[in-house]
Amino acid sequence: MPIDPVLKVVGDRATQAQYDAAYIAMGLDQPLVVQFLTYIGDVLQGDFGRSISTGQPVSADIARVFPATLELATLGTLIGVVIGVPLGVIAAARRGGIIDQVARVVALVGYSMPIFWLGLMGLLIFYGMLGWVGGPGRQGILYDGMVPNVTGMVLVDSLIAGDWPAFQDAFSHIILPASLLGYYSLAYISRMTRSFMLEQLSQEYITTARVKGLSERAVIWRHALGNIAIPLVTVIALSFGSLLEGSVLTEIIFSWPGLGSYITRGLLSGDMNAVLGGTVVVGACFVVLNLLSDILYRFLDPRST
């Protein structure tokens, strides 16, 4: 670590005796193996230590900031799926056509364009110049703290409270960063959907279905799309996980108080308990998403029925 964690606690004006006492209290005098096993044992009990920056338990901090990231990533993934899957299917069905060319350009730009630049341009145009969306943050000053905290997700909590103006305000703030993440997700999902569909459309069962007189719509949307459901679920799950861990730049640009911003602040301030706690949570999210994907396979695979 480039930053001494003991100095972050006691300050650079502490005496040597105070430094040594804090060093021992933090368990840094123990061998690395003992420190590691102690940390793992605490994590298994839900104890990630105490944040140096906030002075609160890291588990409490994560419980406070994670719903904001979950809300943002979920909406971004929904945008990516709703637009990306049909775009990839149509592009594959009309290979070489205008829609296919547009889909490939959209995917290329989504992969190539830095998301922080898109975020800055989005704020400049849609917020600064046109005023179509809300600015940085989750809510405006008028509604900040006015919605009762039930789930930690402002959109859901405002609906539960029946506060329609607060919902509209929260939606105006989340739609731009969620759209940017959705575009990033869309680029990946549409590209993979197109690739899966092209492989299926070249199979013999597709030729057989057409020879039997099935409509092109049924061949594409029922048979071909149904057979790519399993790999597509994996792609969507990985995309969702990537947004949960990879929305750091978006959260910083839009002052979004989520997990990415929390980990970044902890890293810059040498708060390794916060960094490690956030990293463990992100890893756990990937494990859970993979587990849910495996469970969905049993329902989507026709051979399991």
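Keep in mind that this is a model prediction, so the values were computed, not measured.
- Note on L120: it clusters hydrophobically with L118, by side-chain heavy-atom contacts below 4.5 Å among ILVMFWY residues.
- Cluster annotation: I98 and V89 are assigned to the same hydrophobic cluster (Ile/Leu/Val/Met/Phe/Trp/Tyr, side-chain heavy-atom contacts under 4.5 Å, transitive).
- Taking every heavy atom of both residues into account, I206 and Q200 meet most closely at CG1-O, 3.1 Å.
- I228 has its side chain within reach of M197: a pair of non-hydrogen atoms, C-beta onward, lies under 4.5 Å apart.
- A side-chain donor-acceptor contact under 3.5 Å links E251 and T69.
- F240 is not connected to V287 by any chain of hydrophobic side-chain contacts under 4.5 Å among Ile, Leu, Val, Met, Phe, Trp and Tyr, and they are in different clusters.
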So V58 and R50, side chain to side chain contact (heavy atoms under 4.5 Å, CB included) or not? Walk me through it.
CA-CA 5 Å; V58 173; R50 187 171 292 273; 5.9 Å; no
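- Counting heavy atoms from C-beta on, the side chains of R194 and D100 come closer than 4.5 Å.
- The OG1 atom of T77 lies 9.0 Å from the CG atom of L72; values are rounded to the nearest 0.5 Å.
- The number of heavy-atom neighbours closer than 6.0 Å to CH2 of W132, taken from other residues, nucleotides and ligands shown, is 12 or below.
- Within a 6.0 Å sphere centred on CD of E216, heavy atoms belonging to other residues, nucleotides or ligands number more than 12.
- The two residues H173 and G140 come nearest to each other via the heavy atoms CE1-N, 3.3 Å.
- No donor-acceptor pair closer than 3.5 Å links the side chain of T74 to the backbone N or O of E71.
- For the residue pair F48 and G277, the shortest heavy atom distance occurs at CD2-CA, 3.7 Å.
- By the 4.5 Å heavy-atom criterion applied to side chains, L225 and F196 are not counted as neighbours.
- Atom OG1 of T151 is separated from atom CG of D157 by 3.5 Å, given to the nearest 0.5 angstrom.
- No side-chain heavy atom of R191 sits less than 4.5 Å from a side-chain heavy atom of R104.
- More than 12 heavy-atom neighbours from other residues, nucleotides or ligands sit within 6.0 angstrom of CD1 on I295.
- Side-chain N/O atoms of D271 and S53 include a donor and acceptor closer than 3.5 Å.
- Considering only heavy atoms from C-beta on, F254 comes within 4.5 Å of L123 through its side chain.
- Taken from CG in D163 to CD in Q168, the straight-line distance is 9.5 Å, to the nearest 0.5 Å.
- In terms of modelled atom types and a separation under 3.5 Å, the side chain of Q139 and the main chain of A170 share no donor-acceptor contact.
- Within the 4.5 Å cutoff, no side-chain heavy atoms of V85 are placed close to those of S190.
- Here the side chain of Y183 pairs a donor or acceptor atom with the backbone of V106 at under 3.5 angstrom.
- To the nearest 0.5 Å, atom CZ of residue R265 and atom CG of residue L268 are 10.0 Å apart.
- Without hydrogens or angle criteria, W256 side chain to G137 main chain gives no donor-acceptor distance under 3.5 Å.
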Checking side chain to side chain contact (heavy atoms under 4.5 Å, CB included) for the pair Y39/L276: CA distance, chi angles, key distance, verdict?
CA-CA 10 Å; Y39 181 78; L276 289 174; 3.2 Å; yes
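- Both L180 and V105 are members of a single hydrophobic cluster when ILVMFWY side chains are connected at heavy-atom separations under 4.5 Å.
- Looking at S158, its side chain does come within 3.5 Å of a backbone N or O of V154 through a donor-acceptor pair.
- Of the possible polar contacts, none joining the D42 side chain to the D47 backbone as a donor-acceptor pair under 3.5 Å is found.
- Across all their heavy atoms, L75 and A178 have their closest contact at CD2-CB, 3.6 Å.
- In this structure, Y19 places its OH atom where more than 12 heavy-atom neighbours from other residues, nucleotides or ligands lie under 6.0 Å away.
- Environment of CZ in R95: sparse, with no more than 12 heavy atoms of neighbouring residues, nucleotides or ligands closer than 6.0 Å.
- With 3.5 Å as the limit, one finds no donor-acceptor pair spanning the side chains of S51 and N273.
- The closest side-chain heavy-atom distance from V282 to L244 is not below 4.5 Å.
- Using a distance-only test at 3.5 Å, with no hydrogens or angles considered, a donor-acceptor pair links the side chain of Q203 to the main chain of E199.
- One distance of note links CD1 of I175 with CZ of F126; it measures 11.0 Å at 0.5 Å rounding.
- In terms of modelled atom types and a separation under 3.5 Å, the side chain of D169 and the main chain of P165 share no donor-acceptor contact.
- Counting non-hydrogen atoms of neighbouring residues, nucleotides and ligands closer than 6.0 angstrom, the CD1 atom of I40 exceeds 12 such neighbours.
- Here the straight-line distance linking atom CG of L238 with atom CE of M192 works out to 9.5 Å at 0.5 Å rounding.
- Heavy-atom neighbours of F36 CZ from other residues, nucleotides or ligands within 6.0 Å: at or below the threshold of 12.
- Closest approach of V133 and S172 over heavy atoms only: CB-O, 3.5 Å.
- I79 has its side chain within reach of S179: a pair of non-hydrogen atoms, C-beta onward, lies under 4.5 Å apart.
- Both V156 and L70 sit in one connected hydrophobic cluster of ILVMFWY residues. Membership requires side-chain heavy atoms under 4.5 Å apart, directly or through other members.
- Of the N and O atoms on the side chains of S239 and S185, at least one donor lies less than 3.5 Å from an acceptor on the other residue.
- The environment of OH in Y127 is sparse: at most 12 heavy-atom neighbours from other residues, nucleotides or ligands sit within 6.0 Å.
- A donor and an acceptor atom, one from each side chain of D61 and Y262, are located under 3.5 Å apart.
- The two residues I263 and V275 have their closest heavy-atom pair at O-CG2, 3.8 Å.
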Would L181 and I115 count as a side chain to side chain contact (heavy atoms under 4.5 Å, CB included) here? Give the steps.
CA-CA 8 Å; L181 292 179; I115 196 167; 3.8 Å; yes
